[in-house]
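Let me begin by presenting the structure, written as structure tokens, before commenting on it.
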There are 2 protein chains.
Amino acid sequence: MSHDTKQIIKNLSVDCVVFGFENNNLEVLLIKRKRNPEKGNWALPGGFALHSETLDQAAVRILEETSNVKNIYLEQVHTFSEIDRFPNRRVITVAYFALVNPEKHSIKPGIDTTDVKWHNVKDKIDFPFDHQKIFKSALRQLRQRVRYKPIGFELLPKKFSLSQLQSLYECILGQPLDKRNFRKKILGLKMLIQLDDYQKGVAHRAARLYKFDSKAYTVLKKQGFNFQL
Amino acid sequence: MSHDTKQIIKNLSVDCVVFGFENNNLEVLLIKRKRNPEKGNWALPGGFALHSETLDQAAVRILEETSNVKNIYLEQVHTFSEIDRFPNRRVITVAYFALVNPEKHSIKPGIDTTDVKWHNVKDKIDFPFDHQKIFKSALRQLRQRVRYKPIGFELLPKKFSLSQLQSLYECILGQPLDKRNFRKKILGLKMLIQLDDYQKGVAHRAARLYKFDSKAYTVLKKQGFNFQL
DNA sequence: TCAAAAGTGTTTGCAATACACCCATGC
DNA sequence: GCATGGGTGTATTGCAAACACTTTTGA
């Protein structure tokens with residue numbers, strides 16, 4: 001191709017809805033915008049695509065540039081094209097959702113942002129542009145995916161308890177789950193390895209910790225599964 | 001907005017994978033290209049978006065312009081952005097899938113096409129550009145959708161037999177279904193109205209015809225359902 | 001009378017659901 | 001010793017799956 005490699009595509013942007021799981025809550029990553037439009041306001045991390053990259057690559061780059069997160073689960077969600085969605089000129093945006101384990105990835109402001117933060121998914125957010133719509137559609141897609149792909153696991157630390165895992169599923173699906181049935185089901189998938197580690201320093205019986213069987217995990221991720229709870 | 005209304009967005013196109021059901025086969029609509037690139041070759045109907053329209057609107061317009069079909073079921077599938085997917089310059093394309101009842105909609109060439117035809121989904125097609133990839137991903141999405149949305153019905157004539165409906169599902173899912181179980185399940189959804197009409201002129205027992213209960217249909221389409229067969 | 005598709009119920013097994021009590025730990 | 005969450009098993013139900021013969025019609 002004959003394009004300058006660092007040149008942006010002026011009418012095409014990528015916006016990312018980054019989900020994380022912290023303090024037993026599903027959270028979304030927001031960045032404080034350094035430039036106009038909406039300078040100083042909290043928004044979804046986004047940016048323009050370059051002529052030299054695919055949109056998947058753009059999403060990876062933008063996440064790294066805005067929030068310093070790398071090497072995470074990414075999936076395209078939808079392309080938004082309302083004529084007035086961006087001020088003054090026509091910009092179409094492709095939305096991605098991403099899953100991050102906040103313990104593994106340190107979040108910090110990148111070149112185009114002055115600040116980053118996690119925000120509880122349950123609390124109302126006053127989004128600029130059409131980011132409310134984008135956020136909702138990403139959440140909807142996450143809820144669908146989690147039912148037949150084991151992607152929830154991207155959000156947890158290496159060692160975790162079954163209660164943590166259950167709590168994650170409850171946050172994503174927005175509904176309580178039965179403890180015994182959940183355990184039966186999740187252990188039946190044979191993708192967890194029981195460890196000899198236990199929770200420490202809690203004022204109740206310590207929970208046993210588990211990790212993923214990464215081979216079984218990869219297989220299941222490809223095959224898909226049916227998680228009906 | 002201040003754009004000329006009929007001006008195209010040169011780096012953004014829409015491609016449509018139009019499915020139809022005819023002669024008990026699932027078919028895809030192809031058009032013969034009138035212009036370069038790939039002039040004279042069969043491809044998916046597509047075209048550039050305009051500054052004055054959303055992508056959904058572009059898909060509607062393009063389907064009408066290329067193939068004379070209107071008022072059909074449309075859903076966005078995915079955005080394709082490989083750098084070399086289009087020759088000579090960077091063009092990103094947004095794929096849609098559409099469902100058409102060939103009996104209701106007469107297909108004929110539009111301004112940008114010299115010919116149109118239906119092509120059996122099972123037969124290999126030699127697609128230009130990345131249309132093979134686009135087609136595959138649309139078919140995958142159709143297979144998913146049909147399991148929890150009653151969209152299959154968009155493809156049938158007003159009056160139809162249960163065998164036709166079953167055959168449609170078999171074509172989409174690519175697997176045979178049990179007749180008795182299929183009927184039990186589909187009648188259990190209570191969205192079909194039994195008519196007093198029967199098939200005519202067939203050399204075997206005439207099949208009873210049904211139509212959709214459009215109210216129940218609308219409700220189910222919104223709620224989603226679980227079609228496991 | 002033959003060919004070809006329509007139509008029709010029952011049984012079986014599995015998986016989802018509902019449900020309640022004891023255990024270990026820190027304070 | 002008490003508050004807190006961890007951990008465990010069974011009974012019931014509903015749904016998916018498997019399966020074969022009779023009916024109707026035109027040729």
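Heavy atoms only: backbone and side chains are in, while hydrogens, waters and symmetry mates are out. Residue numbers begin at 1 in each chain, while the letters A, B, ... track the order of the sequences. A quick note: this is a predicted structure, and the numbers were derived from the prediction, not measured.
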Nearest whole angstrom, please: distance from the P of C:dC21 to the CG of A:D178. 15 Å

What's the CG-P distance between A:L177 and C:dA16, to the nearest Å? 13 Å

I'd like to check the salt bridge (charged side-chain N to carboxylate O under 4.0 Å, His left out) partners of A:E27; sequence neighbours left out, ordered by chain and number. none

With B:Y217, which residues qualify under ring-ring contact (aromatic ring centres under 6.0 Å, His included), at least two apart? B:F153, B:F212

Taking OP1 and OP2 of C:dA15, is either one under 4.0 Å from a side-chain nitrogen or oxygen of A:K185? no

Do other residues, nucleotides or ligands put more than 12 heavy atoms under 6.0 Å from the NZ atom of B:K70? no

How far does CG of B:L26 sit from CG of B:L173, to the nearest 0.5 angstrom? 10.0 Å

Closest non-hydrogen contact found for B:L192 with B:I186 is CD1-CG2, 4.2 Å

In whole angstrom, give the distance that lies between atom CD1 of B:I186 and atom P of C:dT8. 15 Å

Whole angstrom is fine here: how far is it from CZ in A:F182 over to C1' in C:dT17? 16 Å

In whole angstrom, give the distance that lies between atom CD of A:E170 and atom P of D:dG5. 13 Å

N/O to N/O distances under 3.5 Å, protein versus nucleotides 11-14 of chain C:
none

Whole angstrom is fine here: how far is it from CG in A:L187 over to C1' in D:dG9? 14 Å

Pair A:R208 + A:D196: basic N to acidic O under 4.0 Å: yes

Please test B:R85 against B:D15 for salt bridge (charged side-chain N to carboxylate O under 4.0 Å, His left out), starting from the C-alpha separation and ending with a verdict. CA-CA 13 Å; B:R85 61 166 298 283; B:D15 285 303; 3.8 Å; yes

Within the structure, does a side-chain N or O atom of B:R183 lie under 4.0 Å from either OP1 or OP2 of C:dG7? yes

Would you indicate what A:K179 reaches in the nucleic acid, counting non-hydrogen atoms under 4.0 angstrom: base, sugar-phosphate, or nothing? base

To the nearest angstrom, how far is A:R180 atom CZ from C:dA16 atom P? 17 Å

Excluding sequence neighbours, so at least two apart, what forms ring-ring contact (aromatic ring centres under 6.0 Å, His included) with B:Y169? B:F182, B:F227

Roughly how many Å is it from CG in B:L162 to P in C:dG7, rounded to a whole number? 6 Å

Set of residues satisfying ring-ring contact (aromatic ring centres under 6.0 Å, His included) with respect to B:F80, sequence neighbours excluded: B:H78

Among residues 195-210 of chain A, which ones have heavy-atom contacts with DNA chain D below 4.0 Å? A:A203, A:H204, A:R205, A:A206, A:A207, A:R208

Applying a 4.0 Å non-hydrogen cut-off, can you work out what B:S163 is touching in the nucleic acid: base, sugar-phosphate, or nothing? sugar-phosphate

Is it the case that C:dA18 (base atoms only) and A:N181 (side chain only) share a donor and an acceptor within less than 3.5 Å, ignoring hydrogens and angles? yes

